[in-house]
Amino acid sequence: MKKKSSLSFTALVFTCLASLKALCADEPHANFRPGQIWNDTAGQPINAHGGGILFHAGVYYWYGELKEGRTYLSQVNKTWGGTRVIAGGVSCYSSTNLYDWKNEGLALPSVAEDPDHDLACENVIERPKVIYNARTKKFVMWLHQDSPNYAAARSGVAVSDTPTGPFKYLGSFRPNAGVWPINVTAKDKKHQETNFLARDFRGGQMARDMTLFVDDDGKAYQFYASEGNPTMQVSLLTDDYLKPAGKYARIFIGRSTEAPAVFKRNGKYYMIASGCSGWDPNTARSAVADNIFGPWTELGNPCRGENADKTFLCQSTFVLPVAGQTNQLIAMFDRWNKWHLQDSRYVWLPLEFDMDGKPLVQWRDQWSLPLTK
Ligand code: DGJ
């Protein structure tokens, strides 16, 4: 009798261990588990922050910031300027089902040997996005390139013949030098001392948090937090997607909008975005426009559920249309861990629409595709 019970105890321990292992993130996923550690197919936590996804030839490619190593306090003008990690470059993962991601390595590495390089480890490489240009057959990456104190505020561009890279870095610039936005006013052109739009007219507009959007007609646009962050700008790209085409507009003027994620539904343009509070979460916002250059109408906080007023303790990064499923959208967020940025998590949730036609993101502990009502 005694022997039997000790055997069952051993069996119980093994069963528990097996169940625990099944729960662990290195098992293939059958669902999304927002905020949980998300391991790649090799059993390592996915490291692709502030990211975006390209769907190409039946495969999803997830590009993001590689945030590896010690988080440290950065100094700006001898005062505390927030936390940072050494820039690791742009990572790339591939998947055919959106649950299981294979690490494809660095699509664009940072540069350790040259502190003056744009992509130097000491610098900032954030919010990379990749789009495919059907005309040139090139994969084009845009990213937020910055100096350690975020004063440079530039856009970096890289190209590749393959989605996984390595991408060739072409350099960085401040967009739209020498061009006024299409909605400029006479007042906007004055007071260069205090008005960043006018101050930066010659050298180009500041560009921090950014995203790319490709419209149905193949035209591509960059959205970027500008003018020191209070105002966003949306800028048409050249047909090869490598530069600004010289047509841009100021949007969300004075609203300090960051973390833009843009998508289109039923002919209208939508944006999910955040306010501006460093790595700390704030209340998400949504907006709609008939014309990509505006006017954009704000639709309020799309989040519902616990911590909805703090974007589920996250910040938006991308909205992904699921391939082959009409109006099935995934809102992608980063849950930043500002004291250990490498351990920042991913929160992916279905993006739905409420009765009034406003974007709605409901918290779920876990969920899977297709989302049926
Ligand atoms: C908020 C931005 O959205 C992030 O991409 C990053 O730049 C942090 N600020 C840095 O504090």
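Numbers here simply count residues along the sequence, with the first being 1. When a ligand or atom number is given, it counts from 1 through the structure's own listing order.
Remark: Trp348 pairs with Phe32, Trp38, Trp62 by the ring pair (Phe, Tyr, Trp, His ring centres under 6.0 Å) rule, at least two apart or across chains. Shown here are the salt bridge (charged side-chain N to carboxylate O under 4.0 Å, His left out) partners of Arg345, two or more places apart in sequence or in another chain: Asp343. With sequence neighbours excluded, the residues satisfying side chain to side chain donor-acceptor pair (under 3.5 Å) with Asp280 are Lys338.
With hydrogens and angles ignored, the 3.5 Å screen pairs no side-chain donor or acceptor of Tyr346 with any backbone N or O of Ile37.
Counting heavy atoms from C-beta on, the side chains of Ile272 and Ser286 come closer than 4.5 Å.
Near ligand 1, residues Glu126, Arg127, Tyr150, Asp209, Glu258, Gly278, Trp279, Gln315 come within 4.0 angstrom through at least one heavy atom.
Using a 4.0 Å cut-off between charged side-chain N and carboxylate O, Asp40 and Lys102 make no salt bridge.
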